[in-house]
Amino acid sequence: MKNVNKVPIWFMRQAGRYLPEYMEIRSKNPDFLQLCFNPELASEISLQPIKRFDLDFIILFSDILVIPYALGQNVHFLKNHGPSLNCINSKKDINYLNFKECLRKISNIFETIKILSSKKGTKNLIGFCGGPFTVLNYMIEGGTSKTHSKIKKFVKEKKKEALDLLMIVTELSIEYLKMQIDNGANYVQIFESWAGLLESDEYIEFIVKPNKLISQEIKKHSKGIKIIHFPRGSRTNYKTFAEEVYCDVLSLDHSYPQEMLSLLREKNVTVQGNLDPKELLGGAKKVEEKTKEVLEKFKSNNHIFNLSHGILPKTKISNIETVIKVVREHETPK
Ligand code: CP3
């Protein structure tokens, strides 16, 4: 055998609307959240990209907004509009009972994980949750927002309430991840998609602290589990994050500072990323070129190939195949 390493590969949103087999199931299941709570269909959807592309990681099919749902908020996904939640302003507006009760409401997800775990073979199985601030963002904004004005105002003007709610979301997320691990996930990813909204002290309090607590509690619960963090858009704060928060893998978008790569080598943290999903809307030649660029950029780090954000619905399947082919043909010396 040659003395070489292969770069493992998966894609954020690998099970989704660009896949005709997903659309087929989705067309018969108009309620997206109920689809997430259907273990048979959710496990089938999670495995669709594996069957088609033989990727190295299975990610649970679900959504980060099951946590506000478990806390008693109304959550709906409207066609061509994204999520919609009733607006809240403080801790009093959520009528959660206790974490056990909350998790019971979404316990079908653990059944999905059990099914996936029994079928995973040698693949890795990723469980996930949203980063607490990102979940709070949707809870306060009531959906997808361009300006994020409500959450920014909430953090500035009602900091105590904001931190109280953030702590509830953090603690519930920890219990939720532990249950995913107990049912068979061997990786967890924390999607802090809106980390880039905050700076300085707010970044420390709302991004670093809760993510750090999640890592600590998950490692305490289960040493062997691998933790992937994704504080998207953190720019120079990516460094602060890596210095403060335990990560086995750090997912990078395009905002990270150059010195990150040597810092992550020193800390023995694997880099995940970071092909721009927009590249997958173009031609094959460019896709091949850009994929090679990513492999070259991270060649001195431990690397899991991925995108800098989720696959877009208009992505051509042939472009996904091109990326996989280039990554599979690539070998790095041990
Ligand atoms: O990656 C995967 O394949 C696993 C499943 C997964 C979904 N959402 C399924 C989904 C994961 C890991 C997520 C995470 C998620 N959900 C995030 C963090 C990552 C990111 O994208 O920043 C966020 C912010 C959400 C919230 C969310 N869910 C939004 C804003 C939307 C609507 C807009 C959009 O991007 O599609 C969703 C819907 C959603 N979640 C779909 C899927 C497959 C599309 C639903 C459909 O079929 O209509």
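Just follow the structure's listing: the first ligand is 1, and inside any ligand the first atom is 1.
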Legend entry - Heavy-atom pair of closest approach, residues P39 and S43: O-OG, 2.7 Å

Legend entry - Amino acids in close contact with ligand 1, where any non-hydrogen atom sits under 4.0 angstrom away: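 Near ligand 1, by chain and number: M12, R13, Q14, A15, R17, Y22, R26, F32, I59, L60, F61, S62, D63, I64, F77, G82, P83, F128, Y138, T144, F191, S193, H309.
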
Test: [X] and [Y] ion pair at under 4.0 Å:
X    : Y    : answer
E101 : K105 : no
D248 : K219 : yes
E202 : K156 : yes

Inset, instruction - Check whether the ring centres of Y69 and F37 lie less than 6.0 Å apart, and answer yes or no. - result: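 Yes: the rings meet the under 6.0 Å criterion.
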
Inset, instruction - Identify, with sequence neighbours excluded, every residue that meets side chain to side chain contact (heavy atoms under 4.5 Å, CB included) alongside P20. - result: R52, I317

